[in-house]
Number of protein chains: 2
Amino acid sequence: MTSPGHPEETTPASPPVVPPYDVYCEACPTRLVLDRLADKWVVLILGRLALRPMRFNQLRRDIQGVSQKVLSQTLKKLERDGLLHRRAFATVPVTVEYSITPLGETLAARIAEIARWAEQHIEAVMEAQRRYDAAGAR
Amino acid sequence: MTSPGHPEETTPASPPVVPPYDVYCEACPTRLVLDRLADKWVVLILGRLALRPMRFNQLRRDIQGVSQKVLSQTLKKLERDGLLHRRAFATVPVTVEYSITPLGETLAARIAEIARWAEQHIEAVMEAQRRYDAAGAR
DNA sequence: CCGTATCCTGTCAGATACTG
DNA sequence: CAGTATCTGACAGGATACGG
């Protein structure tokens with residue numbers, strides 16, 4: 001081939017190893033979970049229920065912008081995955097309480113790590129965006 | 001109703017507290033990053049480039065199922081965010097190499113944590129799904 | 001109060017063809 | 001090889017209304 005002789009001045013002292021993860025088959029476990037997290041409401045709901053159990057309309061009010069339909073769908077998916085628990089009480093107007101499961105808590109903890117990363121590095125990201133946009137504008 | 005005394009036979013030594021994260025305004029840093037991760041291709045590309053630098057069509061072949069257009073769009077977004085680096089060599093057929101940046105590596109490490117969670121807990125999730133589906137089918 | 005059903009709209013990914 | 005441009009269809013999700 002051409003052997004362009006590219007120098008490697010980048011990556012000075014960054015953590016050298018990022019554990020490889022296998023997500024390249026459509027049906028592998030990792031892929032399934034990542035696809036679930038691709039739903040932003042999932043992240044919001046898990047984060048909320050990680051703090052305390054909540055009722056349906058309470059969640060709805062709390063998470064601004066989610067529609068009844070989507071909230072319902074998402075809660076059902078998460079219940080199916082065993083990440084949260086649904087309890088219905090046969091009160092006069094029916095009362096439903098959603099709570100996070102131990103399994104869901106362990107995932108929420110990982111998500112919180114991502115959130116922390118975001119807070120720590122958002123400035124670097126926005127700085128990069130500014131530079132990119134400035135370079136593209138000329 | 002209260003104090004259900006739910007047994008915790010799962011999660012033997014999981015961290016009891018999930019740090020709250022703030023993603024409930026549309027424009028806050030965390031939300032922006034999570035929205036970016038909501039793109040499944042982002043996760044696949046970062047995971048791939050975390051292993052080694054790659055060329056465009058190399059990535060395309062490696063990540064089965066991604067279209068030229070979407071790969072191009074996604075790479076551009078990630079470059080804009082400063083998560084990966086693009087180098088073009090003026091060879092006869094132009095050669096472009098994408099590599100992960102130190103910043104991108106730190107994020108890829110967090111993503112790998114999620115992937116590891118998926119591998120560890122996929123059985124519990126699938127078991128929960130089976131139970132849910134069985135209960136719903138009758 | 002807690003959802004489901006229906007309609008309707010915008011978004012976005014795939015296919016295809018073309019350029020440097 | 002490394003993209004860009006355009007068209008099109010599928011599908012997610014909002015609004016609304018209704019049922020348990």
Side-chain angles (χ1 to χ4, degrees), chain A residues 1-6 26 31-32 34-45 48-49 53-80 84-99 132 135-137, chain B residues 1 23-24 26 31-32 34-45 48-49 52-80 84-99 132 135-137:
Chain A
M1 63 164 73
T2 54
S3 73
H6 42 76
E26 287 289 330
R31 182 65 163 271
L32 296 176
L34 289 172
D35 281 353
R36 181 69 79 249
L37 294 184
D39 186 337
K40 69 173 176 178
W41 299 120
V42 164
V43 174
L44 301 184
I45 291 169
R48 217 64 196 145
L49 289 181
M54 296 184 74
R55 313 222 334 239
F56 185 86
N57 281 339
Q58 210 174 350
L59 271 171
R60 187 157 139 63
R61 278 185 299 269
D62 228 33
I63 301 176
Q64 274 286 339
V66 66
S67 70
Q68 226 176 20
K69 186 178 73 172
V70 171
L71 180 57
S72 179
Q73 285 173 350
T74 310
L75 287 170
K76 206 177 290 183
K77 281 194 293 185
L78 291 176
E79 187 196 357
R80 180 170 181 265
L84 57 82
H85 187 57
R86 177 185 185 277
R87 308 179 72 196
F89 304 95
T91 51
V92 183
V94 63
T95 301
V96 178
E97 186 183 80
Y98 291 93
S99 55
Y132 184 93
Chain B
M1 51 119 166
V23 280
Y24 302 98
E26 288 288 332
R31 182 65 163 271
L32 296 176
L34 289 171
D35 281 352
R36 181 67 80 251
L37 294 183
D39 186 338
K40 69 174 175 177
W41 300 120
V42 164
V43 174
L44 301 183
I45 292 169
R48 218 63 196 144
L49 289 181
R52 67 179 184 287
M54 295 184 75
R55 312 221 335 237
F56 185 87
N57 280 339
Q58 211 173 350
L59 273 170
R60 186 156 140 64
R61 277 187 299 269
D62 229 34
I63 302 175
Q64 274 285 340
V66 67
S67 70
Q68 226 176 20
K69 186 178 74 171
V70 171
L71 179 57
S72 178
Q73 286 173 350
T74 311
L75 286 171
K76 208 176 290 185
K77 281 194 292 186
L78 290 176
E79 188 197 357
R80 180 170 182 265
L84 57 80
H85 186 59
R86 178 186 184 275
R87 307 179 73 197
F89 303 94
T91 51
V92 182
V94 63
T95 301
V96 178
E97 187 183 79
Y98 292 93
S99 55
Y132 184 93

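Reminder, nothing fancy here: chain letters follow the sequence lines and each chain counts from 1. Note that these values count all heavy atoms, side chains included, but never hydrogens, waters or copies made by symmetry. Bear in mind the structure is a predicted one, so any value in this text is a computation, not a measurement.
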Quiz item: So what's the dot-bracket for DNA chain C: Watson-Crick or G-U pairs under 3.5 Å, [ ] if a pair crosses, | if it pairs off-strand?
Solution: |.||||||||||||||||||
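- B:T95 places no side-chain N or O within donor-acceptor distance of the main-chain N or O of B:T91, the cut-off being under 3.5 Å.
- Heavy-atom distances to DNA chain C give each of A:L75 and B:D39 a nearest nucleotide, and the one nearer the 5′ end belongs to A:L75.
- Evaluation of the salt bridge (Lys or Arg N to Asp or Glu O under 4.0 Å) test over residues 63-78 of chain A, restricted to residues two or more places apart or in two chains, returns A:D39-A:K77.
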Quiz item: For every nucleotide of nucleotides 15-20 of chain C, 5' to 3': is a protein heavy atom under 4.0 Å from its base (B), only from its sugar-phosphate (S), or from neither (-)?
Solution: B-B--B
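- Rounded to an integer number of Å, the gap from CG of A:L78 to P of C:dG3 is 14 Å.
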Practice problem: Could you go through the side-chain contact (heavy atoms from CB on, under 4.5 Å) check for A:L71 and A:W41 one step at a time? | Solution: CA-CA 8 Å; A:L71 180 57; A:W41 299 120; over 6 Å; no
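- Scanning DNA chain D 5' to 3' for nucleotides with an atom closer than 4.0 angstrom to a non-hydrogen atom of chain B gives a first and last hit of D:dC1 to D:dT6.
- Non-hydrogen atoms lying under 4.0 Å from DNA chain C are contributed by A:R55, A:F56, A:N57, all within residues 53-63 of chain A.
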Practice problem: Please report the C-alpha distance between A:L44 and A:V66 in whole Å, then the side-chain angles of each, then the deciding distance to 0.1 Å, and finally whether the side-chain contact (heavy atoms from CB on, under 4.5 Å) criterion is met. | Solution: CA-CA 10 Å; A:L44 301 184; A:V66 66; over 6 Å; no
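- Not a single donor-acceptor pair under 3.5 Å links the side chain of B:S72 to the backbone N or O of B:Q68.
- Side chain of A:Q58 to backbone of A:R55: a donor-acceptor contact under 3.5 angstrom is found.
- For A:S99, the side-chain hydrogen bond (donor to acceptor under 3.5 Å, both in side chains) test picks out no residue, with sequence neighbours left out.
- To the nearest 0.5 Å, the span separating OH on A:Y98 from CG on A:L59 amounts to 8.5 Å.
- Looking only at side-chain heavy atoms (C-beta outward), B:L84 and B:I45 come within less than 4.5 Å of each other.
- Using a 4.5 Å heavy-atom threshold, the side chains of A:R48 and A:M54 count as touching.
- In this structure, B:V96 and B:R86 have side chains that are in contact, with non-hydrogen atoms separated by less than 4.5 Å.
- Closest heavy-atom contact between A:P53 and A:E97: CB-CD, 3.7 Å.
- Straight-line distance from the CH2 atom of B:W41 to the C1' atom of C:dA13: 10 Å, rounded to whole Å.
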